[in-house]
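Structure first, commentary second.
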Amino acid sequence: MAKLINLTPHTVNIVKNDNSIISFPPSGTIARVFSDYVKRGTVNDIDVVDVVYGDVIDLPPPRKDIVYIVSRMVLNAAPNRRDLVVPHDLVRNPDGSVKGARCFAKG
């Protein structure tokens, strides 16, 4: 059985079929994609920029029997990593807030 490590800044909740919840608290390490921007002009005195994305930061190397929960942006920036998952198929509370996700996705 794989160990799941949450590399996001938020608790990730998975809502099972019986409506029970499995929670994955943040690990304390946050995998992120480096971003910068280049100013391209202005519209009504408001800057317009191009966002430039770079390397993934703080993503541990692959380890046997470890699966990392990451953001969709990190998953997309590391297409060769088979040990990354993202929460998928959100479940909402009656007020519209996110209760959790039904599953994980790899792509």
Side-chain angles (χ1 to χ4, degrees):
M1 179 178 269
K3 179 179 180 182
L4 287 153
I5 297 176
N6 181 358
L7 298 179
T8 76
H10 312 286
T11 296
V12 172
N13 293 322
I14 298 297
V15 181
K16 296 177 67 178
N17 290 339
D18 64 1
N19 232 12
S20 64
I21 295 176
I22 301 173
S23 294
F24 300 92
S27 67
T29 299
I30 302 170
R32 297 185 186 275
V33 177
F34 174 81
S35 65
D36 202 355
Y37 63 90
V38 178
K39 184 177 175 181
R40 294 295 182 200
T42 61
V43 174
N44 297 339
D45 292 325
I46 301 168
D47 290 346
V48 176
V49 302
D50 282 340
V51 180
V52 180
Y53 296 104
D55 294 332
V56 177
I57 302 165
D58 293 329
L59 179 61
R63 293 183 12 214
K64 185 178 175 20
D65 297 325
I66 301 288
V67 175
Y68 298 105
I69 304 167
V70 297
S71 69
R72 175 71 63 181
M73 184 175 264
V74 169
L75 181 74
N76 290 343
N80 295 326
R81 292 285 297 261
R82 300 291 169 226
D83 58 337
L84 308 180
V85 296
V86 295
H88 182 70
D89 196 9
L90 296 181
V91 177
R92 295 191 179 272
N93 291 310
D95 67 359
S97 63
V98 175
K99 179 177 183 177
R102 292 193 203 314
C103 59
F104 289 120
K106 285 192 163 209

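Everything numeric here is computed off the predicted structure, so don't read it as measured data. Starting from 1, each residue takes its place in the sequence as its number.
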Quiz item: Closest heavy-atom contact between V51 and S35?
Solution: CG1-CB, 4.2 Å
Quiz item: Do V85 and I21 share a hydrophobic cluster (ILVMFWY, side-chain heavy atoms under 4.5 Å, transitive)?
Solution: no
Self-check item: Sequence neighbours excluded - salt bridge (charged side-chain N to carboxylate O under 4.0 Å, His left out) pairs with any residue from residues 49-59
Solution: R40-D50
Quiz item: Is it true that atom CG of D45 has more than 12 heavy atoms of other residues, nucleotides or ligands lying nearer than 6.0 Å?
Solution: no
Quiz item: Got a second to check how far L75's CG is from K106's NZ, nearest 0.5 Å?
Solution: 9.5 Å
Quiz item: Between I69, L59, V67, which is the residue that forms a side chain to side chain contact (heavy atoms under 4.5 Å, CB included) with L84?
Solution: L59
Quiz item: Roughly how far, to the nearest 0.5 Å, is SG of C103 from CG of N17?
Solution: 10.0 Å
Exercise. May I ask whether M73 and V56 are part of the same hydrophobic cluster, defined by side-chain heavy atoms of I, L, V, M, F, W, Y residues being less than 4.5 angstrom apart, directly or through others?
Key: yes
Quiz item: Are the side chain of N44 and the backbone N or O of I46 linked by a donor-acceptor pair below 3.5 Å?
Solution: no
Quiz item: Any idea which heavy atoms bring P87 and A101 closest together, and the distance?
Solution: CB-CB, 3.8 Å
Quiz item: Any side-chain heavy-atom pair from S23 and V12 closer than 4.5 angstrom?
Solution: no
Quiz item: Does the D95 side chain pair with the main chain of S97, one donor and one acceptor, at a distance under 3.5 Å?
Solution: yes
Quiz item: Once you round to the nearest 0.5 Å, how far does CG of N80 lie from CG of D83?
Solution: 11.0 Å
Self-check item: S27 vs N6, side-chain hydrogen bond (donor to acceptor under 3.5 Å, both in side chains): CA-CA, chis, key distance, verdict
Solution: CA-CA 5 Å; S27 67; N6 181 358; over 6 Å; no
Quiz item: Side-chain heavy atoms under 4.5 angstrom apart, residues restricted to Ile, Leu, Val, Met, Phe, Trp, Tyr: same cluster for I30 and V33?
Solution: no
Quiz prompt | From L90 atom CG to R102 atom CZ, the distance as rounded to the nearest 0.5 Å | solution = 9.0 Å
Quiz item: Given V70 and V86, is the side-chain contact (heavy atoms from CB on, under 4.5 Å) satisfied, shown in steps?
Solution: CA-CA 6 Å; V70 297; V86 295; 4.2 Å; yes
Quiz item: Between I66 and V74, is there a shared hydrophobic cluster once you connect ILVMFWY residues whose side-chain heavy atoms come closer than 4.5 Å?
Solution: yes
Quiz item: Closest approach of P60 and Y68, non-hydrogen atoms and distance?
Solution: CB-OH, 3.4 Å
Quiz item: What closest approach, in Å, do V15 and G100 show between heavy atoms, and which atom pair accounts for it?
Solution: CG2-CA, 4.0 Å
Exercise. Check the hydrophobic clustering (I, L, V, M, F, W, Y; side-chain heavy atoms under 4.5 Å; chains of links allowed) and say if V49 and F34 are grouped together.
Key: no
Quiz item: Is there any ring pair (Phe, Tyr, Trp, His ring centres under 6.0 Å) pair reaching into residues 86-107, and which pairs are they, with sequence neighbours excluded?
Solution: F24-F104
